[in-house]
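Written out below as structure tokens is the structure these notes cover.
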Amino acid sequence: MNHGVVRSYRPHSFFFPRCRREYVYLLALLLLTVLFLLPAGCAGRTVEQTGAASTPPSSGDENYESAALPEAEGEEGRSAGEEELNEIADEEALREEEERRLREERRLLEERLREELGVFYVPPPPLEQADNPPVKARGIYVTGHSVAHPRYELFLEMAEKTELNSFVIDVKDDHGRMTYKSAIEVVEQVGANRSVPVRDIEAVIEELNEKDIFPIARVVVFKDPILAEQKPEWSIQRNEGGIWRDRKNVPWVDPYNRNVWEYNVAIAKEAALMGFREIQFDYVRFPENAHLVDRQAYYPAQDHLSRDEVIREFLIYAAEQLEGYNVYLSADVFGVIATSWGDSDRIGQTWEDISPYVDYICPMVYPSHYGYGYFELDVPDAHPEKTVRYALIDSLKRNAPLKNPGIIRPWLQSFTAGWIRGNISYGPAEVRSQIDVALELGIDEYLLWNAKNRYDHAFEALLTAEEADQKALQLSRDREEAGRDALGRTAVEALEIYLEAIAGRDWREAYALQITDCALDHHSYPEWRRGWSSRVLGYRVSPPAGGLPGSLEAPVHLEVDVHMSAEGREFTLAGESWEVKLQNNLWRVRPSENFLELLARGDELPFEGGLSHRP
């Protein structure tokens, strides 16, 4: 997915066709004047140069033919000029007809959309839109109230003086309130427009564009107390009756309800029309503490889909609806979903059901959000560098087997988690360490979170834009020159780690590293692993005789000997050639068909004990 481009209505675009017509008419008038005056001027100069009488020559004059030539040329010139003017007029008529046709098509489209969408209506995207090239976002979270507060000037100063180049601005916040006054009928109906902090969001976007700051619209999706209160039929319901509320007394809307989908997609469309260049969905999930929710409440619109399937289908639908608006799409997810498999917390967030359907996946790898024991750390919050490293390594591994996964752009911690026992204070060093860890792993985008928008320490942690770009470039060059992937592995090391994972029956590591051409996915690979009848006892990997290629882009073919056993028999696959290639920033392995067949069916194959098999 790459939706591409900004979608801001620009006033001058409406006047351009009229200005173009006036310009063409003026040009045509000037050309006509010149063409009609030119013959007389040419004839006058001929008389002066030859000294001829002002009376016309007689028919017998030998100069008659040449004297009459300028008049003939003038007639031909006038004829050519008239033809050119006719062509211009025809072209202009065709243009006007095309413009009328497009206006009529637009009118009919708007009528159809008004009828189809009703209270969710948002105008279709403009025909002409500015380019929206991808940006390696290095950003901060900004509330709507901060945009209207004097502290906003500090944020603009940060963007001017540091590597910061993006603002993630609330469009609809955690309370369901709009940052600017929406023109969407249903938004007005439910009261989400009350007390908006920003009066002119287009002026805000215009200033950001002038300062080369990438504007991202944050839309909080399923945690929406205003919508839940005003549309209780769209909300999660208590078993005893009434709207269900979480531990903080906040009601949630029902993720199964398609009206809720339409509501949020409409807001996303409008944000695109306002000039935002990316839509970022937050709280795109079910409420946490699912075991408690399931005892207390139910989802009125629930159908046959599982929770992670519902979130996936919502993202697919949103992407389809936003296609013409040419914005990028991103989703915020809990960082722990990169480490746990399946929808273990039953909130509807599974990495494989989100990453392929967005342009950017934004795991919230805040160390404060990892509990005791994660990554073998007692207090992950006290170890920001280690926690973020392990979390992003897991993220890279989850992306590796996917076809066209979203770009990883993590949320990093720029606040002190005072509520955690054993926490540490997060200052410039702690913020910088997280950014640097991401860079070392080839992740050169990030977003900083501070709910109160206090970024004094972050300001001190940031480099200049030139320094940040140079650092990212140097790390990338160093990896490439060493032939190492984002995890710091060479092709040989990746193959050895893969074989160790097979030997240890570690399907998660093996799945991340094995090229399966999508024949096996995160559901079927564990099932396939349970059917292995052979074991890997040992192996030897040899680099190619000519050495490894100098580019990470070229596949590597390595010679492999694998010693295996099945049903008490041992055998060796000798002299195999396996391909290792870079996919989604990691070296990944394509085992031979012989190896895969022996792994799955070694107990059925007629190999004598100790027999070496060469392909």
Side-chain angles (χ1 to χ4, degrees), residues 338-339 375-376 385-386 388-402 405 408 436-444 472 474-517 520 522 525 529 532 534-564 572-596 598-599:
T339 302
F375 311 124
E376 300 182 356
E385 183 177 345
K386 287 183 178 179
V388 170
R389 183 182 300 277
Y390 288 134
L392 292 182
I393 285 174
D394 287 343
S395 300
L396 287 165
K397 290 179 180 178
R398 295 295 284 270
N399 250 8
L402 304 179
I408 298 171
D436 286 344
V437 163
L439 280 174
E440 290 171 17
L441 294 170
I443 297 172
D444 51 6
Q474 188 60 52
L475 287 169
S476 177
R477 285 175 176 170
D478 291 346
R479 282 192 300 272
E480 184 164 0
E481 289 174 3
R484 297 186 180 277
D485 63 11
L487 298 183
R489 300 167 174 173
T490 65
V492 172
E493 290 169 345
L495 177 48
E496 291 173 343
I497 292 170
Y498 168 73
L499 287 169
E500 288 289 345
I502 295 293
R505 291 310 216 235
D506 182 356
W507 73 265
R508 294 172 178 83
E509 188 74 32
Y511 174 60
L513 293 179
Q514 182 177 330
I515 298 173
T516 65
D517 295 326
L520 294 169
H522 61 292
Y525 198 96
R529 194 273 299 173
W532 294 350
S534 299
R535 302 190 71 90
V536 172
L537 303 178
Y539 58 85
R540 182 179 62 83
V541 178
S542 302
L548 296 172
S551 171
L552 294 178
E553 301 300 322
V556 179
H557 290 86
L558 301 176
E559 185 174 308
V560 185
D561 297 337
V562 187
H563 191 59
M564 307 176 71
T572 300
L573 278 176
E576 292 256 296
S577 178
W578 289 11
E579 180 186 61
V580 184
K581 65 187 297 186
L582 202 70
Q583 287 188 342
N584 296 329
N585 302 312
L586 300 189
W587 284 116
R588 304 188 69 228
V589 179
R590 189 187 302 277
S592 70
E593 292 298 325
N594 290 327
F595 173 77
L596 296 176
L598 283 172
L599 187 63

Closest heavy-atom pair, D394 versus A338, reported as atoms and distance to 0.1 Å, is CB-O, 3.5 Å
In short, salt bridge (Lys or Arg N to Asp or Glu O under 4.0 Å) pairs touching residues 497-512 with sequence neighbours left out are K397-E509, R489-E509
Interatomic distance, CG@N399 vs CD@Q583, rounded to 0.5 Å, equals 12.0 Å
With sequence neighbours left out, the residues meeting side chain to side chain contact (heavy atoms under 4.5 Å, CB included) with I443 are L392, L396, I408, P410, A438
### Test item: P591 and Q514 side chains (from C-beta on) under 4.5 Å apart, heavy atoms
yes
Looking only at heavy atoms, the pair that brings L520 and Y511 closest together is O-CE1, 3.8 Å
Applying side-chain contact (heavy atoms from CB on, under 4.5 Å) to V580 and Y498, what does each step give before you reach the verdict?
CA-CA 11 Å; V580 184; Y498 168 73; over 6 Å; no
For H563 and T572 the tightest heavy-atom approach is ND1-OG1, 2.7 Å
Shortest non-hydrogen pair, V492 vs P543, comes out as CG2-CB, 4.5 Å
Query raised in the report: Run the side-chain contact (heavy atoms from CB on, under 4.5 Å) check on I497 and W587 step by step: do they pass?
Result: CA-CA 11 Å; I497 292 170; W587 284 116; over 6 Å; no
CG of L599 to CZ of R535, rounded to nearest 0.5 Å, is 10.0 Å
Side chain to side chain contact (heavy atoms under 4.5 Å, CB included) filter on R479, not counting sequence neighbours, yields L475, S476
In sequence, state the C-alpha distance, the side-chain angles, and the governing distance for E576 and N594, and then conclude on side-chain contact (heavy atoms from CB on, under 4.5 Å). CA-CA 9 Å; E576 292 256 296; N594 290 327; 3.3 Å; yes
With sequence neighbours left out, the residues meeting salt bridge (charged side-chain N to carboxylate O under 4.0 Å, His left out) with D444 are K136
Contacts of Y390 meeting side chain to side chain contact (heavy atoms under 4.5 Å, CB included) (sequence neighbours excluded), chain-then-number -> F375, K386
Taken to the nearest 0.5 Å, the spacing of W578 CH2 from L499 CG works out to 4.5 Å
Sorted by chain and residue number, the side chain to side chain contact (heavy atoms under 4.5 Å, CB included) partners of A400 (sequence neighbours excluded) come out as L586, R588
| Would you call the rings of Y525 and W532 parallel, tilted or perpendicular, where under 30° means parallel and over 60° means perpendicular? | perpendicular
| field | E496 side chain to Y539 side chain, donor-acceptor N/O pair below 3.5 angstrom | value | no
Rounding to 0.5 Å, atoms CG (L441) and CG (L487) come to a distance of 6.5 Å
Here the gap from R540 atom CZ to L558 atom CG, rounded to the nearest 0.5 Å, amounts to 11.5 Å
Sorted by chain and residue number, the salt bridge (charged side-chain N to carboxylate O under 4.0 Å, His left out) partners of K581 (sequence neighbours excluded) come out as none
> Taking C-beta and beyond as the side chain, do H522 and R398 meet within less than 4.5 Å on heavy atoms?
Replying inline: no
Taken in chain and number order and not counting sequence neighbours, the residues that satisfy salt bridge (charged side-chain N to carboxylate O under 4.0 Å, His left out) with E579 are R590
Residues at least two apart in sequence or cross-chain that pass side chain to side chain donor-acceptor pair (under 3.5 Å) with D485, listed by chain then number, are none
Residues passing the side chain to side chain donor-acceptor pair (under 3.5 Å) test with N584, sequence neighbours excluded, are none
The salt bridge (charged side-chain N to carboxylate O under 4.0 Å, His left out) partners of R484 (sequence neighbours excluded) come to E493
Across all chains, not counting sequence neighbours, the side chain to side chain donor-acceptor pair (under 3.5 Å) partners of N585 are none
When rounded to the nearest 0.5 Å, the distance separating CD1 of I502 from OG of S534 is 11.5 Å
Nearest heavy-atom contact between A501 and A510 is CB-N, 3.8 Å
